[in-house]
Amino acid sequence: MKKALYIIIAAALALSAFSCENKKTDSKPEVPDVTEDVEEPAIEQPFIEYTQEDLNTINVNLTFTDDTSFFERHAFTASDFDFGARLSPCKAEEYREQFRPEWYGNDEEGDQMYLESLTEPSTGLIWSFTADSENFYFWVYFDPCCTGYHDCSIFRYNIETGNMSELYRFSSTEVDLYPAGLTVIDGTVYTITCDDLDSRTDTVSRLDSGSGELVPLYSSINNGLTFLPNEDGRLILQELTSVSDDYYDGFNSRLIEYDFEAEQWNEIFTYLLNSQQFLEENIPDYSLTSVLAWKEKPEGSRKYDIVSDYWRVSTGYSNCKIVYASRDRVMYIVQTGSKTTGDVTRTLHTIDLSDGQHYMTDVTALGESFVYYNGYVTATSVYRMNYTMSCFTPELGIAHRFPEELDFVSNLTYTGSCVLIDATNSLAADGQEYERGIYLFK
């Protein structure tokens, strides 16, 4: 129950939120007391407030094309990757009774799968994956039909050469290791693992490339940890802490960042998230893609501003969701209409703060999920079956449609180096067989 609730909340918080006061400093750079040449200190940008009257609004219509030739795009299915095959140590005869699944004996088909798993080596199940500009990284699980988690590995797959290498292996009957998260920063792999799914201790570790061991950096007892991707190579965690024994009372969501030089964790902010906010679809919203930005309602107003340490933008809307924020750009979605009646309209607002241009694009036909990277917005649906993917330029409205039809998209994410889509694809003509699809765009 706890595991499921953490997953639901963490998924809803992939780009979710908080409200806080804007912080500005008037501090000036110190002048070095030396005579030799020194670099001039950077001139700090002034904090600027933008209203709709300050912006030049341009309505951009989408133009669709099937030309995707200029994208670097890679499409795989799970069976394209060879992780080898092995038998988990818990399948040995002396451990079978200890780790036999509780459901054994009640499901004929499941019982047969369990009996086969005792003697047939597993080819591995991709538990999670990420990518940088050159490689895929996979957590692969080799322990099917078991009450614990006794055999898993981290693999690296070079996209250009097809070379597969095992970076880390865990195999034990003494303790469990559940692979809960994976990210890569400047070629270094970071993981989230937990030792038990009920009374859990989540641990963030760095994979030491020399020893092949996981070096713990942070542990959280009975809480949920999630990596938050960004484009600046920052290691940021979201930590969910229940405020009482009743999980429906809510969670404190705490964001912390690792200081690589000081080798310590610093808190970014904390906010309360409760079930009522989910029911009212009033989840706080923030972005950490480039700069930290959040939405807040000024006193006496029903309409949101989006705020960072560098600017404040008045949206003029009482509902919006941040897609992206940087020093000179902010993007957000405004949804109008009713989900119940099915007349929902989604408009993407792209504001270039460097020249005051405000582009508005009706993106209803492209889905509900959007990520921005390298000048393009990738769009799809994570709610509807048999959907497609597309990339488009907000300023021009040229939407490039990709040929794959996806049965179900489970995740669309930006890793800092590329865009990843995790989906299920139909393989058989009768639609009865499915395989996991993995897509990378950059």
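A donor-acceptor distance shorter than 3.5 angstrom exists from the side chain of His400 to the backbone of Asp67, with no hydrogens or angles considered. Formation of a donor-acceptor pair under 3.5 Å by the Asp143 side chain with backbone atoms of His150 is found in this model. In this structure a side-chain-to-backbone donor-acceptor pair under 3.5 Å is present from Ser308 to Tyr310. Side-chain atoms of Trp127 come within 3.5 Å of backbone atoms of Pro179 as a donor-acceptor pair (strictly under, hydrogens ignored). Counting only distance, with no hydrogens or angles, the side chain of Trp265 and the backbone of Leu237 share no donor-acceptor pair below 3.5 Å. Here the side chain of Ser301 pairs a donor or acceptor atom with the backbone of Lys303 at under 3.5 angstrom. Checked by atom type and distance alone, the side chain of Tyr317 never pairs as donor or acceptor with a backbone atom of Asn319 at under 3.5 Å. A donor-acceptor pair under 3.5 Å is absent between the side-chain atoms of Ser354 and the main chain of Asp328, judged by distance alone.
Taking 4.0 Å as the cut-off between side-chain N and carboxylate O, Lys297 and Asp305 do not count as a salt-bridged pair. Residues Arg329 and Glu395 are paired through a salt bridge, judged by an N-O separation under 4.0 Å between the basic side chain and the carboxylate.
Between Phe136 and Phe76, the ring planes are perpendicular. Angles over 60° get that label, and only those under 30° would be called parallel. Ring geometry for Tyr286 versus Phe269: interplanar angle over 60°, hence perpendicular rather than tilted (30 to 60°).
Shortest non-hydrogen contact noted between Leu182 and Ser128 is CB-OG, 4.1 Å. Residues Gly375 and Pro394 come closest through the heavy atom pair O-CD, 3.7 Å. Scanning all heavy atoms of the two residues, the minimum distance from Arg327 to Leu353 falls at O-CD1, 4.0 Å. Closest heavy-atom contact between Ser205 and Leu214: CB-CB, 3.8 Å. The minimum heavy-atom distance linking Val184 with Asp132 is given by the pair CG1-OD2, 4.0 Å. Residue Cys418 comes nearest to Phe441 through the heavy atom pair CB-O, 3.4 Å, listed as atom of the first residue, atom of the second, then distance.
Taking CZ from Arg156 and OG from Ser165, the interatomic distance works out to 4.0 Å, rounded to the nearest 0.5 Å. Residue Thr183 holds its OG1 atom at 6.0 Å from CZ of Phe227, rounded to the nearest 0.5 Å. In this structure, CG on Leu225 lies 10.0 Å from OG1 on Thr201, to the nearest 0.5 angstrom. The structure places CD1 of Ile58 at 10.0 Å from NE2 of His358, a figure rounded to the nearest 0.5 Å. How far SG of Cys320 is from CE of Met331: 13.5 Å, rounded to the nearest 0.5 Å. Between atom CD of residue Glu72 and atom CG of residue Leu440 there is a gap of 7.5 Å, rounded to the nearest 0.5 Å.
Tested against Tyr149, the residues Tyr178, Phe142, Phe170, Trp139 include a single ring-ring contact (aromatic ring centres under 6.0 Å, His included) partner, Tyr178.
Under a cut-off of 6.0 angstrom, the local environment of CD in Glu267 is crowded, with over 12 non-hydrogen atoms contributed by other residues, nucleotides or ligands. The local environment of CG in Asp66 is crowded, with over 12 non-hydrogen atoms from other residues, nucleotides or ligands closer than 6.0 Å.
In terms of the side-chain contact (heavy atoms from CB on, under 4.5 Å) criterion, residue partners of Asp355 (sequence neighbours excluded) are, by chain and number, Asp352, Gln357. By the side-chain contact (heavy atoms from CB on, under 4.5 Å) test, Glu257 pairs with Arg234, Ile236, Ile268, sequence neighbours left out. Shown here are the side-chain contact (heavy atoms from CB on, under 4.5 Å) partners of Ile126, two or more places apart in sequence or in another chain: Ala78, Phe81, Phe83, Phe129, Phe138, Arg436, Ile438. Qualifying side-chain contact (heavy atoms from CB on, under 4.5 Å) partners for Glu160, counting only residues two or more places apart in sequence or in other chains: Asn158. For Glu53, the salt bridge (charged side-chain N to carboxylate O under 4.0 Å, His left out) test picks out no residue, with sequence neighbours left out.
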Item to check | side chain to side chain donor-acceptor pair (under 3.5 Å) assessment of Asp54 paired with Gln52 | outcome: CA-CA 5 Å; Asp54 299 322; Gln52 291 300 306; over 6 Å; no
Item to check | Candidate pair Tyr258 and Phe260, rule ring pair (Phe, Tyr, Trp, His ring centres under 6.0 Å), full reasoning | outcome: CA-CA 6 Å; Tyr258 188 66; Phe260 293 101; 5.4 Å; yes
Next on the checklist: Run the ring pair (Phe, Tyr, Trp, His ring centres under 6.0 Å) test on Tyr376 and Phe71 for me, step by step, so that the C-alpha distance in whole Å, both residues' side-chain angles and the decisive distance to 0.1 Å come before the verdict.
Outcome noted: CA-CA 10 Å; Tyr376 290 92; Phe71 286 93; 5.0 Å; yes
Item to check | Step-by-step side-chain contact (heavy atoms from CB on, under 4.5 Å) determination, Ile351 to Leu55 | outcome: CA-CA 8 Å; Ile351 300 176; Leu55 305 171; 3.7 Å; yes
Checklist entry - How far apart are the C-alpha atoms of Ser253 and Gln238, what are their side-chain angles, what is the distance that settles it, and do they pass the side chain to side chain donor-acceptor pair (under 3.5 Å) test? => result CA-CA 7 Å; Ser253 178; Gln238 180 184 58; 3.1 Å; yes
Item to check | Audit row: His349, Val334, side-chain contact (heavy atoms from CB on, under 4.5 Å) steps and yes/no | outcome: CA-CA 8 Å; His349 296 251; Val334 174; 3.6 Å; yes
Checklist entry - Between Tyr157 and Glu134, is a side chain to side chain donor-acceptor pair (under 3.5 Å) present by the stated rule, with each step listed? => result CA-CA 9 Å; Tyr157 176 84; Glu134 299 178 352; over 6 Å; no
Next on the checklist: Test side-chain contact (heavy atoms from CB on, under 4.5 Å) on Glu368 and Lys321; report intermediate values, then the result.
Outcome noted: CA-CA 11 Å; Glu368 305 90 9; Lys321 181 174 178 59; over 6 Å; no
Item to check | Steps toward side-chain contact (heavy atoms from CB on, under 4.5 Å) verdict (Tyr137, Leu167) | outcome: CA-CA 9 Å; Tyr137 299 83; Leu167 304 181; 4.1 Å; yes
Next on the checklist: Before you tell me yes or no, could you show the steps for Glu231 and Ser290 under side chain to side chain donor-acceptor pair (under 3.5 Å), namely the whole-Å CA-CA distance, both residues' side-chain angles and the distance that decides it to 0.1 Å?
Outcome noted: CA-CA 6 Å; Glu231 65 181 27; Ser290 181; 3.2 Å; yes
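At a cut-off of 3.5 Å, with distance as the only test, a side-chain donor of Ser219 or Thr203 sits close to an acceptor on the other residue. Side chain to side chain, Glu213 and Tyr168 fail the donor-acceptor criterion of an N or O pair below 3.5 Å.
Looking at heavy atoms from C-beta onward, Thr191 lies in side-chain contact with Val189 at the 4.5 angstrom threshold. Under the 4.5 Å side-chain criterion, counting only non-hydrogen atoms from C-beta, Leu348 is in contact with Val377. For the pair Phe47/Arg312, a side-chain contact is recorded, criterion being any heavy-atom separation below 4.5 Å from C-beta on. Contact annotation: the side chain of Tyr359 never approaches that of Thr57 to less than 4.5 Å [non-hydrogen atoms, C-beta and beyond]. Residues Phe402 and Cys391 form a side-chain contact, since some pair of their non-hydrogen atoms from C-beta on lies under 4.5 Å apart.
Every pair tested for side-chain hydrogen bond (donor to acceptor under 3.5 Å, both in side chains) that includes a residue from residues 408-418 fails, sequence neighbours excluded, so the list is empty.
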